[in-house]
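No hydrogens, no waters, no symmetry mates; every other heavy atom, side chains included, goes into these values. Numbers here are sequence positions counted from 1.
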Amino acid sequence: MCYGHDGHAALQQSLDRRGLLRGSLAALAGIGLATGLGATAAQAGGDHHGRRPVPKELISLQLWTVRDALNGSPGYDATLAHLARIGYPRVELALGYFGRTARELRRFLDGIGIKASSSHDGIAADAAALDQKIADARTLGQRFMVVPYLNSDREDDWKRWAEQMNVEAAAACKAGLRYGYHNHAHEFTIDFGNGRRPWDVLTEELDPRLVHLEIDIYWAVTGGITSGEGVADPEGFTLDVIRSAPQRVLQYHVKDRDPATGDMADLGTGMIDFARILRGHQVLEYIVENDTPDVTPQQTAEVGYRYLRRLRF
């Protein structure tokens, strides 16, 4: 895979691929004419006096975005080196260590100038697995460790998982780590039959002194639209989710949404008003992600980084 592409050209390819309507909206946004059209690339460009940028040192990439490149061509080492050249100072780990120990991976990442600040790890199977998970995170120099996905239509399962996460979070806290949970849409759409949803259980049961939230903005917006609660104002729904939770929101997954299909989209080519959400609540880490990259994983990573570096809120 050639890494010598132009990031701005990659963004244009993404816009073209999404069709005339999306391209037209993005073009309007680029010259400041998109007022009232919802979020587009307007949020990332232009002269925004008095607005702040996303701090470069807080920008990260979820490695799930580039999983095809990690597992295939050009491979793990070349892909991570490319992320460093783009400018990413940190990544959120996923999919394991690709044949390295935690110590060996730390040495490699230090060598290319990238920090593994966070990771996605499932709930540990037993105490020994939890000890190993925490030890590896400490070796890698992580600040965060996050449970990436849980799903059940049984309320008791969510209560049990919350109890397990509280136990793990207490152990992580003793080791100097922050322990979090990452949402999808179904936490807002599954109805246990009594008007209660998984999100209600989690926010009631997870100890706010120990567990923080990593809000995936795309999935929160999608959950609001799918449930009907956020159709009129998906960003407002997302901000309500953030503000009403007793747990602190310390990390974002910054992922855009195609207004026509509802699919994931490269940053700046979709409908989400990220500037509004970021003005409403700031976090300690802004993690670029797209599960289904528009062109190539590498281009999606570069487009996402450039978008966040231009964003003012």
Side-chain angles (χ1 to χ4, degrees), residues 62-65 67 92-96 118-134 137 144-173 177-231 234 237-238 240-253 255 257 262-264 287 289-292:
Q62 165 51 242
L63 289 185
W64 181 252
T65 303
R67 64 192 179 278
E92 182 174 54
L93 298 176
L95 303 168
S118 184
S119 64
H120 273 191
D121 304 284
I123 295 174
D126 52 38
L130 174 59
D131 289 345
Q132 187 63 58
K133 181 168 68 170
I134 290 173
F144 306 102
M145 55 194 312
V146 179
V147 174
Y149 181 83
L150 296 169
N151 193 1
S152 173
D153 59 4
R154 291 169 41 86
E155 185 171 353
D156 287 346
D157 288 339
W158 291 93
K159 289 181 177 180
R160 174 172 53 84
W161 288 330
E163 182 179 3
Q164 291 175 309
M165 284 190 280
N166 285 336
V167 170
E168 292 203 353
C173 182
L177 296 163
R178 296 179 182 268
Y179 186 98
Y181 179 76
H182 168 272
N183 67 282
H184 288 74
H186 60 265
E187 288 92 343
F188 308 104
T189 60
I190 293 174
D191 186 341
F192 296 130
N194 52 10
R196 284 167 55 76
R197 308 160 301 167
W199 195 250
D200 301 316
V201 175
L202 289 174
T203 53
E204 289 172 8
E205 301 290 336
L206 290 174
D207 188 337
R209 298 167 300 177
L210 299 171
V211 182
H212 73 274
L213 301 174
E214 178 183 77
I215 291 294
D216 187 303
I217 295 174
Y218 166 86
W219 283 122
V221 164
T222 298
I225 292 172
T226 304
S227 69
E229 296 179 59
V231 172
F237 172 86
T238 301
D240 286 345
V241 164
I242 293 166
R243 291 165 176 163
S244 64
Q247 295 77 19
R248 291 180 295 171
V249 176
L250 300 182
Q251 296 169 283
Y252 281 141
H253 272 199
K255 182 192 306 177
R257 189 177 195 271
D263 294 339
M264 299 170 192
I287 305 168
E289 187 182 34
N290 185 351
D291 299 17
T292 55

So [Y] and [X], do their side chains get closer than 4.5 Å, heavy atoms only?
X: His120; Y: Tyr149; result: no
X: Thr292; Y: Asp263; result: no
X: Ser152; Y: Trp161; result: yes
X: Glu155; Y: Asn194; result: yes

Does [X] use its side chain to pair, donor to acceptor, with the backbone of [Y] at less than 3.5 Å?
X: His212; Y: Tyr179; value: yes
X: Arg67; Y: Asp291; value: yes
X: His186; Y: Leu150; value: yes
X: Glu168; Y: Ala124; value: yes
X: Ser119; Y: Asp121; value: no
X: Asn166; Y: Glu205; value: yes
X: Gln247; Y: Leu206; value: yes

Spacing of [X] atom [atom1] and [Y] atom [atom2] [to the nearest 0.5 Å]:
X: Glu92; Y: Glu289; atom1: CD; atom2: CD; result: 7.5 Å
X: Ile217; Y: Thr222; atom1: CD1; atom2: OG1; result: 11.5 Å
X: Phe188; Y: Asp200; atom1: CZ; atom2: CG; result: 9.5 Å
X: Arg196; Y: Ile190; atom1: CZ; atom2: CD1; result: 13.5 Å
X: Asn183; Y: Trp199; atom1: CG; atom2: CH2; result: 5.0 Å

Which of Thr65, Asp216, Asn290 passes side chain to side chain donor-acceptor pair (under 3.5 Å) with Lys255? It is Asp216
Compare every heavy atom of [Y] with every heavy atom of [X], then report the nearest pair and how far apart it is.
X: Phe192; Y: Arg197; result: CE1-C, 3.4 Å
X: Ala245; Y: Leu213; result: CB-CD1, 3.7 Å
X: Tyr181; Y: Val146; result: C-CG1, 3.9 Å
X: Ser118; Y: Gln251; result: OG-NE2, 3.2 Å
X: Gly180; Y: Val211; result: CA-CG1, 4.3 Å
X: Gly122; Y: Lys133; result: O-NZ, 2.9 Å

List the steps and the verdict of side-chain contact (heavy atoms from CB on, under 4.5 Å) for Glu214 and Ile287. CA-CA 10 Å; Glu214 178 183 77; Ile287 305 168; 3.4 Å; yes
Check step by step if side-chain contact (heavy atoms from CB on, under 4.5 Å) holds for Asn151 and His184. CA-CA 9 Å; Asn151 193 1; His184 288 74; over 6 Å; no
Testing the 3.5 Å rule here: is there a donor-acceptor pair between the side chains of His253 and His182? yes
Would you check, one step at a time, whether the test side-chain contact (heavy atoms from CB on, under 4.5 Å) holds for Met264 with Trp219? CA-CA 9 Å; Met264 299 170 192; Trp219 283 122; 3.4 Å; yes
Do other residues, nucleotides or ligands put more than 12 heavy atoms under 6.0 Å from Arg160 CZ? yes
Just checking Glu204: does its CD atom have more than 12 heavy atoms from other residues, nucleotides or ligands closer to it than 6.0 angstrom? yes
side-chain contact (heavy atoms from CB on, under 4.5 Å) between Leu63 and Leu95, worked out: CA-CA 8 Å; Leu63 289 185; Leu95 303 168; 5.7 Å; no
